[in-house]
Enquirer: 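Right, I'll just put the structure down here and ask away after.
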Amino acid sequence: MAEDRFDGKAYAGTLSGRPGVYRMLDEAGVVLYVGKARNLKNRVSSYFRGSGQSAKTMAMLNLTRSMEVTVTDTETEALLLEYNLIKQHKPRFNILLRDDKSFPHIHLSTDQEFPRISFHRGSTRIPGRLFGPYPSTHAVRGTISTLQKLFHLRGCKDSYFNNRSRPCLQYQIQRCSGPCVGLISKADYARDVEDAALFLDGRNQEVTDRLAARMEKASEALEFEKAVRYRDQIAELSSIQASQHVSGGRGSADVIAIATESDQTCVTVLFVRDGRQLGSRNYFPHGAAGSAASEVLEAFLSQYYLRHEVPPEVISAVEIEDSKLLVNGLSERAGRRVVIKHRVRGERARWLDLAKTNSVHALDMRMASSASIRRQYQALAEALGMDEPPARMECFDISHTQGDATVASCVVFGPEGPLKSDYRRFNITGVQAGDDYAAMRQALDRRYTRVQKGEAPVPDLLIVDGGKGQLAQAESVLEELQLEGITLLGVAKGPSRKPGKEQLFLSGHERPSILPANSPALHLVQQIRDEAHRFAIAGHRASRGKARRSSALEAIAGLGPKRRRELLRQFGGLQGVQQAGVEDLARVKGISQALAERIHATLREKN
């Protein structure tokens, strides 16, 4: 009713002109939108000036019944508070960036005589040098492989490195210079480390010049084998430079482009470090439909760079309306000057064109994939006699080895495919070994007790890997918990156990149905079933491996968790502990001579 409408103009007139964060709430007090402002009064007033608002903004204002504001001392505090409130409330009218993963880096240790090069994901506040970020694990591993080919740096962990008596396979295939057994001097290895760091900094020509000088020196000294190795390194480096298409730039920037079609939006981040393109990553923000490109990118930048490190320069495909607030906030957070540009020329214009091309291509692929998924969901609804395509599907599978370390998996699919954050595993206990029915029942009971309590959404379709027996367990559990309206489906392999011959047991039907091998509905069921199987096996292997690694040591009196961890760390695993002598064991911190003898004797008995 009209009297229930929120008087935004009057409210805005009471606000301060200081920076802060505002929240729009509906009649139930649910947060609809969170925004930041350099000037709260001006920003909030802009919503209530009559016409000119988008349909999305008008819909939000029609639902708004109250507002809350928090005044902050600085724009940076406003930026941080907005981020935290969006993460906490997930407001329906905010553009949400769903990405909690940190980017992978290459880590070069600096606190060892023979530094190690390795993959790293996590905190950037660790000893050593970090290079990146890289857009994917694949990009990091590919670069590490290149570094090992070029400079023969070790990638093994210290526990493995410190216990070698002869060089490993990496030395044999010319990926490591064998520092673990003294096959290279500290000075020569340090020189290779320095070359690798220069390469990662984008100073390839400097590395080439250094290698060429060494090649000439080796030739003059008649050390032709060394000269040939330097020549091969130069050739490999030249090949890498050619494949990177570097045009002489030395800048470091994130180049951000956006593409929109129908209700789908793709934001692409192209990573450039020291003039080298490290690849790109695509994002599909939730809630971006109906929003202007500048609004989407402003929301994206503020959320994205409070999760990830910000480079000195950000190149945007469109102008950001409130870029000053972002620049000030990100610069203060980074501890150095950050610039956001949208008008660029030369090399940076080419980077931006490439980012735009990638964004359009990724969105086209997304749209095609979404159309295919929608067809599959519609076909499945028709095959199962459902009124409409399922919005949420859950599938269960059981994995064990002769009844040992039984694990149940639950995978979840939504309208856009797998919802991996909703996946769950259940360690099955208290059932007879090999009793798959009891294991399935326990997993279903534990899962749907939580669903009944409102701790998890109710699925439209529940799939169990198995035939009538497993389906009966699902029917019984849902009946006991009084959960209704869920379609139940059992998926059993056919007599030949070949893909495409699966029998589908639908609850309430006596006979199974067999869909054609080319049926989109069957393909979707197979995909969900296979994903549940993969997730269950991964959990089972982890559980079984953990038991194998720790059970032998856990049985030894006086050997607590800290000492077990130290033993495994020092010897690189249980196999190394089993092969160690009493004196070797006694040298480990916290292990007395008597305990070392007990460990040695116990492990010998088990072998």
Side-chain angles (χ1 to χ4, degrees), residues 376 380 384 390 392-414 417-451 456-478 481 483 486-507 512-515 521-547:
Q376 286 184 323
L380 181 60
L384 301 182
R392 183 182 178 91
M393 297 180 285
E394 297 187 356
C395 182
F396 285 76
D397 189 25
I398 304 294
S399 180
H400 59 79
T401 301
Q402 297 180 344
D404 179 52
T406 304
V407 173
S409 69
C410 170
V411 301
V412 184
F413 276 56
L419 301 176
K420 295 194 175 182
S421 61
D422 288 355
Y423 284 15
R424 295 293 183 269
R425 289 194 185 101
F426 304 90
N427 292 318
I428 304 301
T429 59
V431 303
Q432 186 176 350
D435 189 346
D436 286 355
Y437 291 164
M440 179 67 76
R441 184 181 185 87
Q442 182 180 128
L444 291 167
D445 185 66
R446 288 164 62 182
R447 173 64 173 178
Y448 290 103
T449 297
R450 291 191 60 205
V451 170
V458 179
D460 301 305
L461 175 63
L462 167 58
I463 303 173
V464 292
D465 185 23
K468 286 186 176 181
Q470 282 85 353
L471 185 63
Q473 299 301 319
E475 291 171 337
S476 176
V477 168
L478 295 190
L481 295 174
L483 285 172
I486 302 175
T487 302
L488 299 178
L489 181 68
V491 184
K493 294 181 175 67
S496 63
R497 303 184 68 82
K498 290 183 179 179
K501 300 294 184 181
E502 287 86 354
Q503 295 179 326
L504 305 184
F505 291 87
L506 184 62
S507 180
S513 60
I514 300 177
L515 298 177
L522 179 60
H523 294 166
L524 178 58
V525 170
Q526 289 171 333
Q527 180 187 359
I528 298 171
R529 187 269 320 273
D530 292 346
E531 177 67 355
H533 190 56
R534 178 201 66 78
F535 194 57
I537 287 177
H540 167 63
R541 286 175 176 168
S543 179
R544 188 177 59 184
K546 181 180 179 182

Enquirer: Run the side-chain hydrogen bond (donor to acceptor under 3.5 Å, both in side chains) test against T449 and tell me which residues pass, sequence neighbours left out.
Expert: none

Enquirer: Enter the distance from L462:CG to M393:CE here, rounded to the nearest 0.5 Å.
Expert: 11.5 Å

Enquirer: Quick check for you: to the nearest 0.5 Å, what is the distance between Q376 atom CD and Q527 atom CD?
Expert: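 If I round to the nearest 0.5 Å, the distance is 6.0 Å.
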
Enquirer: With side chain to side chain contact (heavy atoms under 4.5 Å, CB included) as the criterion, how do V491 and Q526 come out once you've worked through the C-alpha distance, each side chain's angles and the decisive distance to 0.1 Å?
Expert: CA-CA 9 Å; V491 184; Q526 289 171 333; over 6 Å; no

Enquirer: Which pairs pass ring pair (Phe, Tyr, Trp, His ring centres under 6.0 Å) with one or both residues in residues 419-451, sequence neighbours excluded?
Expert: F396-Y448, Y423-F535

Enquirer: Any pair with a residue in residues 528-538 that passes salt bridge (Lys or Arg N to Asp or Glu O under 4.0 Å), sequence neighbours left out, goes on the list, sorted by first then second residue, please.
Expert: E502-R529, E531-R534

Enquirer: Using side-chain heavy atoms (C-beta onward) and a distance below 4.5 Å, is Q442 in contact with T429?
Expert: yes

Enquirer: Do you know the tightest heavy-atom contact between V411 and I528?
Expert: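 Minimum heavy-atom separation between V411 and I528: CG2-O, 3.9 Å.
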
Enquirer: Could you tell me the separation between the CZ atom of R392 and the CG atom of D422, rounded to the nearest 0.5 Å?
Expert: 4.5 Å

Enquirer: Can you list the residues that meet the side-chain hydrogen bond (donor to acceptor under 3.5 Å, both in side chains) rule with H523, with sequence neighbours excluded?
Expert: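 H523 satisfies side-chain hydrogen bond (donor to acceptor under 3.5 Å, both in side chains) with no other residue.
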
Enquirer: What do the steps show when you test V431 against T406 for side chain to side chain contact (heavy atoms under 4.5 Å, CB included), and what is the final call?
Expert: CA-CA 9 Å; V431 303; T406 304; 5.7 Å; no

Enquirer: Restricting to non-hydrogen atoms, name the atom on A521 and the atom on L515 that form the minimum distance, rounded to 0.1 Å.
Expert: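 For A521 and L515, the tightest heavy-atom pair comes out as CB-CD1, 4.0 Å.
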
Enquirer: Which one of E475, Q473, K468 satisfies the side-chain contact (heavy atoms from CB on, under 4.5 Å) criterion with L471?
Expert: E475

Enquirer: Please evaluate residues L478 and L444 with respect to the criterion side chain to side chain contact (heavy atoms under 4.5 Å, CB included), reporting the C-alpha separation (whole Å), side-chain torsions for both, the decisive distance (0.1 Å), and the verdict.
Expert: CA-CA 8 Å; L478 295 190; L444 291 167; over 6 Å; no

Enquirer: Using 0.5 Å steps for rounding, measure from the CD atom of Q470 to the CG atom of L489.
Expert: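 That separation rounds to 12.5 Å.
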
Enquirer: Please walk me through it: do V407 and N427 pass side chain to side chain contact (heavy atoms under 4.5 Å, CB included)?
Expert: CA-CA 5 Å; V407 173; N427 292 318; 3.7 Å; yes

Enquirer: Between I398 and A408, what is the shortest heavy-atom contact and its length?
Expert: CD1-CB, 3.5 Å

Enquirer: I need the minimum non-hydrogen distance between A532 and S409, along with the two atoms involved.
Expert: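 Scanning both residues, the minimum pair turns out to be O-OG, 2.7 Å.
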
Enquirer: If you round to the nearest 0.5 Å, how far is CD of Q503 from CD1 of I514?
Expert: 5.0 Å

Enquirer: For D465, which residues count as a side-chain hydrogen bond (donor to acceptor under 3.5 Å, both in side chains) partner, sequence neighbours excluded?
Expert: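 If we apply the side-chain hydrogen bond (donor to acceptor under 3.5 Å, both in side chains) test to D465, skipping adjacent residues, there are no hits.
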
Enquirer: Which atoms form the tightest heavy-atom contact between L524 and L380, and what is the distance?
Expert: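 So the minimum-distance heavy-atom pair works out to CD2-CD2, 3.7 Å.
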
Enquirer: Nearest 0.5 Å, please: how far is CG in L384 from CD1 in I463?
Expert: 8.0 Å

Enquirer: Give every residue pair that meets the salt bridge (Lys or Arg N to Asp or Glu O under 4.0 Å) criterion with at least one member in residues 424-444, sequence neighbours excluded.
Expert: R441-E480

Enquirer: Looking only at non-hydrogen atoms, find the nearest pair between I486 and P459 and report the distance.
Expert: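 The pair with the smallest heavy-atom distance is CG1-O, 3.5 Å.
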
